[in-house]
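Below you'll find the structure, written out as structure tokens, and then a few comments.
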Amino acid sequence: MGAGPAGLMLAAELASRGVRTVVLERDPAPPGYCRGFNLNARSLELLDRRGLAGRFLAEGPTVADTVFTGGARLDLAAMRTAHPYVLGIPQTKVEELLAGHAEDLGARILRGHRLTGLRQDEDAVYAEVGSGEDGLTLRCGWLAGCDGGRSTVRELAGIAFPGTPARRFTLLGDVVLADPGSLGFGVTTGPGGSVFVIPRPGYVRLITADARPPEDRDEPVTLPRFQQAVDRALGRHVELAEARWLTRFGDAARLAERLRDGRVLLAGDAAHIHPPAGAIGVNAALDDAMNLGWKLALVARGLAPDTLLDTYHTERHQAGAALLRNTRAQAVLGEEDERLAPVRDLLAELARFEETAGHLAETITAVNTRYPVPHPTGHPWDGRMVPDVALDGDSLLRLLARTGGGVLLTEPGPHADPLHHAATPWSDRVTTATTPPGALHGATAVLLRPDGHAAWTSPAPTAEAAREALSRWFGPGRASPAA
Ligand SMILES: Cc1cc2nc3c(=O)[nH]c(=O)nc-3n(C[C@H](O)[C@H](O)[C@H](O)COP(=O)(O)OP(=O)(O)OC[C@H]3O[C@@H](n4cnc5c(N)ncnc54)[C@H](O)[C@@H]3O)c2cc1C
């Protein structure tokens with residue numbers, strides 16, 4: 001439900017695995033305005049594992065640093081990633097590319113279809129779409145609520161959304177300046193506050209605090225109201241000739257109590273909302289979808305038990321909590337409060353150390369995401385995204401992108417053949433490959449999930465341990481006794 005980044009990415013992930021997928025979207029057409037303007041290293045890493053990163057990288061410039069809101073500039077080269085930069089790309093372009101990709105893979109996107117009701121039983125979910133004479137009920141095996149921060153799915157499923165309400169509000173305006181030279185790029189500070197200016201082709205995006213939000217926070221922002229806020233912040237009049245999009249957003253931070261309720265799942269903003277610091281929402285939405293897609297496909301196709309979906313909750317709820325923690329920290333540090341100045345200075349000082357910069361950058365981009373593994377061996381890849389590995393005439397990333405399945409990597413040696421043999425019952429879901437010696441950094445076998453994370457690493461693997469890991473993450477093998 002919902003054709004934003006989460007819904008479109010999830011649709012592609014499902015359709016690529018042969019699951020009949022329909023995206024229902026309330027709005028009749030894609031929005032005429034653009035919310036986000038970036039993809040971070042984590043998103044590019046994920047897209048790389050589908051062979052898609054190049055398509056997105058072709059759409060905009062990359063920038064090698066970012067800020068931890070509150071002033072610490074972070075050199076992204078300090079991160080452990082193949083993409084140490086931020087890609088400047090409009091969210092509308094991200095959605096356009098994802099929609100095309102999902103449709104190419106066979107997903108259907110039905111716009112102008114609003115979810116109004118929902119119930120489920122043991123076998124199916126029944127989604128009511130539209131109302132009155134035009135209403136219809138769709139029966140589906142699973143329903144993913146990717147319908148944004150005010151998720152109808154979340155509400156209808158009765159999933160609580162605890163957290164903190166918005167305390168501070170920000171106004172955003174995509175406007176045309178009467179005099180294009182009246183405001184330059186970056187932050188302009190005045191006696192009443194500051195205005196952040198981002199030039200866009202044909203207009204500028206202005207962002208300023210909403211010092212006096214109305215009682216009804218959903219009250220539409222008008223051009224005179226926005227003009228007033230800009231002038232008040234700058235202490236002078238800067239004529240705004242025309243508005244393309246005006247909006248208000250707050251710094252609420254909420255995380256759904258559970259990301260799964262039976263056959264209903266939540267992803268993206270429907271699962272978590274957070275202060276806007278770090279420009280991360282699109283990225284978190286893609287991350288959820290990449291985690292959920294392969295699991296839901298295995299379950300929907302009857303290959304794995306539905307308990308696999310509980311790991312989606314565990315992993316992405318934990319990631320959501322981390323997202324809220326770091327965006328809330330940034331929101332506090334970004335407050336216009338002089339008492340915070342020494343803290344900001346201290347942080348900026350610490351961020352000059354490469355290790356600290358790397359830690360902060362990996363935290364705000366989620367590059368350091370590590371999912372829990374049942375039998376950690378202390379290997380640096382345990383639960384983490386595995387970097388690319390050269391394979392004979394191939395590479396790990398190309399293999400993941402080509403198959404969309406799991407990969408069992410082994411170093412050459414006497415254990416390799418028995419492990420590959422042990423994986424035969426999963427050959428429809430997992431490909432085996434042998435790496436050059438030393439490529440696994442101390443492990444002799446590594447099992448990767450389709451999202452590129454290491455599910456199992458072992459310095460001394462046995463066929464039995466491999467089978468246990470394979471059935472845990474991919475369901476029973478075809479010829480195994482449990483099948
Ligand atoms: C001003 C602004 C600037 C932002 N800038 C950035 C940025 O720079 N970088 C970044 O990463 N993030 C940014 N974000 C956040 C980002 O836009 C969101 O986090 C992201 O869109 C979430 O994706 P999603 O797919 O979960 O939800 P959405 O993109 O909100 O998509 C949900 C979809 O569900 C549909 N829907 C809702 N209800 C129903 C229903 N009942 N039935 C059917 N369909 C329904 C909606 O129409 C919508 O299309 C910004 C947000 C705002 C507001």
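Every heavy atom of this structure was used, including side-chain atoms; hydrogens, water molecules and symmetry mates were not. As the structure lists them, so they are numbered: ligands from 1, and atoms in each ligand from 1.
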Given 3.5 Å as the limit, does a donor-acceptor pair link the side chain of N40 with the main chain of L87, or not?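 Checked: no pair found.
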As a check for students: among C146, G117, G2, S43, identify the option with a heavy atom nearest to atom 32 (C) of ligand 1.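 Of the listed residues, C146 has the closest heavy atom.
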Counting only heavy atoms, tell me which of L110, L10, T152 gets closest to atom 41 (N) of ligand 1.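 When every heavy atom of L110, L10, T152 is considered, T152 comes closest to atom 41 (N) of ligand 1.
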Polar proximity ligand 1 side, F37 side, N/O cut 3.5 Å exclusive: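 Min N/O separation from ligand 1 is below 3.5 Å for F37.
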Has ligand 1 got any nitrogen or oxygen that is less than 3.5 angstrom from a nitrogen or oxygen of R114?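 Min N/O separation from ligand 1 is not below 3.5 Å for R114.
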Can you name the atoms of ligand 1, numbered from 1 with element, that are less than 4.0 Å from a heavy atom of [X]?
{"X": "I280", "answer": "10 (C), 11 (O)"}
{"X": "D269", "answer": "18 (C), 19 (O), 20 (C), 22 (C), 26 (O)"}
{"X": "L172", "answer": "1 (C)"}
{"X": "G268", "answer": "26 (O)"}

Which is it for L39 and ligand 1 at heavy atoms under 4.0 Å: side chain, backbone, both or neither?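 Within the 4.0 Å criterion, L39 makes no contact with ligand 1.
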Where's the contact between L8 and ligand 1, heavy-atom distance under 4.0 Å: side chain, backbone, both or neither?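 Answer for L8: neither.
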How about CZ on R108, more than 12 heavy atoms from neighbouring residues, nucleotides or ligands closer than 6.0 Å, or not?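 No - once you tally the heavy atoms of other residues, nucleotides and ligands closer than 6.0 Å, there are 12 at most.
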Please confirm whether H113 approaches ligand 1 to less than 4.0 Å, judged on its heavy atoms.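 A heavy atom of H113 does come that close to ligand 1.
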